[in-house]
Undergrad: 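Can you keep this structure in mind? I'll have questions shortly.
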Amino acid sequence: MKRMFIAATIAAVLATATSHALAVDYYEAGHGDIGMGEGNTLMLHLHLHGGSAIVNGTTLTDDHGYIPGEEEAVILVPTAAETVIPSGTTWGALEGAAGDPVWILPQSNTPGMPFLGFGAEELSDETFSNAITLSLDSVSGSGVDNGGYFSMWQSSAFDTTFYMSTANGIDETDVYEVQVGAHDHANWGFTAPGEYHVTFTATGAGQTDTGTFTFNVVPEPSSFALAGLGLIGIVGLAVRRRFRKG
């Protein structure tokens, strides 16, 4: 009887874990943006583009928006994103020596990886006449616990500019401006495997909005089903509310 009870309990927990896993969407590749909002409202969200973004193994047919705190969307940083820190003083913000590993989602569109940028095209230029300021508030998660740092920068043929990096702490200099009506891309770097919960605050036209975005660096297959949701601390199902565009 005792064995039957234990077996039933395990089955119930696994069933609960599976239901939790189904509440999470995994952004695996293709075009996506940290969206600034819509119309007259500043509202941070993950905007994935139909016809390009791959979610849970399927290419989206329409645009989808995920609002942090109301639905689960995880940005995957695959093993293929691993490279090494190059030599040069401009890379000091990654807090590592040349040759150390780093996982980068590049600012150029690369097959098999998320092509993640920033988008403010949906905001009304009548309400938001100036650029939106995006500030880095905090970064936490198992990647940080593993000693990892988060950085965001842009590169050109002539220069590399870091806008955000946790290697030297987080302060008022960790900001990036997004022009209303514009959209751009950047490099996203992580110096250790694990999850990174990156929290931004957007400010513009007297409005502010804060959102946390989850990156999973080199996730193991089991993490797709259980990371933070299944057997590791069963929590209430996240409310999922998508808005569709296109």
Side-chain angles (χ1 to χ4, degrees), residues 25 27-55 60 63-69 71 73-77 81 93 103-110 113-125 127-139 150-156 159-166 170 172-190 196-205 207-217 242-243 245-246:
D25 281 348
Y27 168 34
E28 302 169 22
H31 191 185
D33 297 306
I34 303 296
M36 299 298 110
E38 184 175 15
N40 299 323
T41 303
L42 199 61
M43 179 178 62
L44 286 173
H45 61 282
L46 179 63
H47 184 163
L48 302 186
H49 293 256
S52 175
I54 299 175
V55 176
L60 296 180
D63 286 15
H64 284 253
Y66 295 83
I67 304 172
E71 51 269 311
V74 176
I75 303 162
L76 299 185
V77 183
W103 288 262
I104 299 174
L105 294 181
Q107 71 183 66
S108 58
N109 195 356
T110 304
M113 297 187 200
F115 178 42
L116 184 64
F118 305 94
E121 304 100 317
E122 300 169 274
L123 289 174
S124 167
D125 57 7
T127 300
F128 300 92
S129 56
N130 297 315
I132 306 301
T133 299
L134 192 69
S135 305
L136 179 64
D137 288 352
S138 65
V139 182
F150 161 77
S151 296
M152 187 277 287
W153 70 97
Q154 290 179 329
S155 299
S156 70
D159 194 17
T160 296
T161 302
F162 279 84
Y163 294 96
M164 299 177 181
S165 179
T166 60
I170 299 174
E172 67 278 359
T173 64
D174 292 291
V175 297
Y176 181 74
E177 288 195 346
V178 183
Q179 297 296 323
V180 173
H183 138 254
D184 205 354
H185 285 264
N187 301 285
W188 307 77
F190 310 85
Y196 292 76
H197 306 292
V198 183
T199 301
F200 300 109
T201 291
T203 305
Q207 300 182 37
T208 61
D209 190 51
T210 298
T212 299
F213 299 85
T214 298
F215 295 80
N216 196 341
V217 181
R242 297 181 180 177
F243 57 88
K245 299 186 184 297

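Just so it is clear, the values below take in all heavy atoms, side chains as well, and ignore hydrogens, waters and symmetry mates. Heads up: numbering here begins at 1 and tracks the sequence. On a predicted model such as this, the values are computed, not experimentally measured, just so you know.
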Undergrad: To the nearest 0.5 Å, tell me how far D25 CG sits from L48 CG.
TA: 8.5 Å
Undergrad: Under a 4.5 Å cut-off applied to non-hydrogen side-chain atoms, are T203 and T201 in contact?
TA: yes
Undergrad: Do you know the tightest heavy-atom contact between S151 and S165?
TA: OG-OG, 3.0 Å
Undergrad: Which atoms form the tightest heavy-atom contact between G119 and H183, and what is the distance?
TA: CA-CB, 4.1 Å
Undergrad: Measure across L105 and P114 and return the closest heavy-atom pair with its distance rounded to 0.1 Å.
TA: CD2-CD, 3.7 Å
Undergrad: List the steps and the verdict of side-chain contact (heavy atoms from CB on, under 4.5 Å) for Y27 and L116.
TA: CA-CA 10 Å; Y27 168 34; L116 184 64; 4.3 Å; yes
Undergrad: Measure across L42 and G204 and return the closest heavy-atom pair with its distance rounded to 0.1 Å.
TA: CD2-N, 3.8 Å
Undergrad: Flag the pair W153 / T161 as yes when at least one side-chain heavy-atom distance between them is below 4.5 Å, and no otherwise.
TA: no
Undergrad: Would F115 and T110 satisfy side-chain contact (heavy atoms from CB on, under 4.5 Å), going step by step from the backbone distance to the final call?
TA: CA-CA 7 Å; F115 178 42; T110 304; over 6 Å; no
Undergrad: Using a 4.5 Å cut-off on heavy atoms from C-beta on, say whether the side chain of T214 contacts that of Y196.
TA: no
Undergrad: Who pairs with W188 by ring pair (Phe, Tyr, Trp, His ring centres under 6.0 Å), at least two apart in sequence or on another chain?
TA: F118, F215
Undergrad: I'd like to know whether D184 forms a side-chain contact (heavy atoms from CB on, under 4.5 Å) with Q154, so could you lay out the CA-CA distance, the side-chain angles of the two residues, the decisive distance to 0.1 Å, and finally the verdict.
TA: CA-CA 10 Å; D184 205 354; Q154 290 179 329; 3.2 Å; yes
Undergrad: Examine distances only and state if a side-chain atom of S52 and a backbone atom of H31 form a donor-acceptor pair shorter than 3.5 Å.
TA: yes
Undergrad: Any sub-3.5 Å donor-acceptor pair from D63's side-chain atoms to G50's backbone N or O?
TA: yes
Undergrad: Would you give the length of the straight line joining atom CG of D209 to atom CG of L44, rounded to the nearest 0.5 angstrom?
TA: 5.0 Å
Undergrad: Can you name the residues that form a side chain to side chain donor-acceptor pair (under 3.5 Å) with S124, not counting sequence neighbours?
TA: none
Undergrad: Measure the CG-CZ distance between N216 and F190 for me, rounded to the nearest 0.5 Å.
TA: 10.0 Å
Undergrad: Which of these, L134, T133, I132, sits in a side chain to side chain contact (heavy atoms under 4.5 Å, CB included) with E177?
TA: T133
Undergrad: Using side chain to side chain donor-acceptor pair (under 3.5 Å) as the criterion, list what pairs up with H49, not counting sequence neighbours.
TA: D33
Undergrad: What is the minimum heavy-atom distance between T127 and Q207, and which atoms define it?
TA: CG2-NE2, 4.3 Å
Undergrad: Minimum heavy-atom separation for F128 and G39, please, with both atom names.
TA: CE1-O, 3.7 Å
Undergrad: For N130, which residues count as a side chain to side chain donor-acceptor pair (under 3.5 Å) partner, sequence neighbours excluded?
TA: none
Undergrad: Give a yes or no answer on whether the side chain of T166 reaches the backbone of F150 with a donor-acceptor pair at less than 3.5 Å.
TA: yes
Undergrad: If the condition is side chain to side chain donor-acceptor pair (under 3.5 Å), which residues does T212 pass it with, not counting sequence neighbours?
TA: T199
Undergrad: Take T173 and V175 through the test side-chain contact (heavy atoms from CB on, under 4.5 Å) and record every step on the way to the result.
TA: CA-CA 6 Å; T173 64; V175 297; over 6 Å; no
Undergrad: Rounded to the nearest 0.5 Å, how far does CE of M36 lie from CD of E38?
TA: 13.5 Å
Undergrad: Ignoring hydrogens and geometry, is there a side-chain-to-backbone donor-acceptor pair from Q107 to S155 under 3.5 Å?
TA: yes
Undergrad: Give, for atom CG of N187 and atom CZ of F162, the distance between the pair rounded to the nearest 0.5 Å.
TA: 8.0 Å
Undergrad: Once ring pair (Phe, Tyr, Trp, His ring centres under 6.0 Å) is applied, do any residues pair with Y163, and if so which ones, sequence neighbours excluded?
TA: Y176
Undergrad: Quick check for you: to the nearest 0.5 Å, what is the distance between F200 atom CZ and S138 atom OG?
TA: 10.0 Å
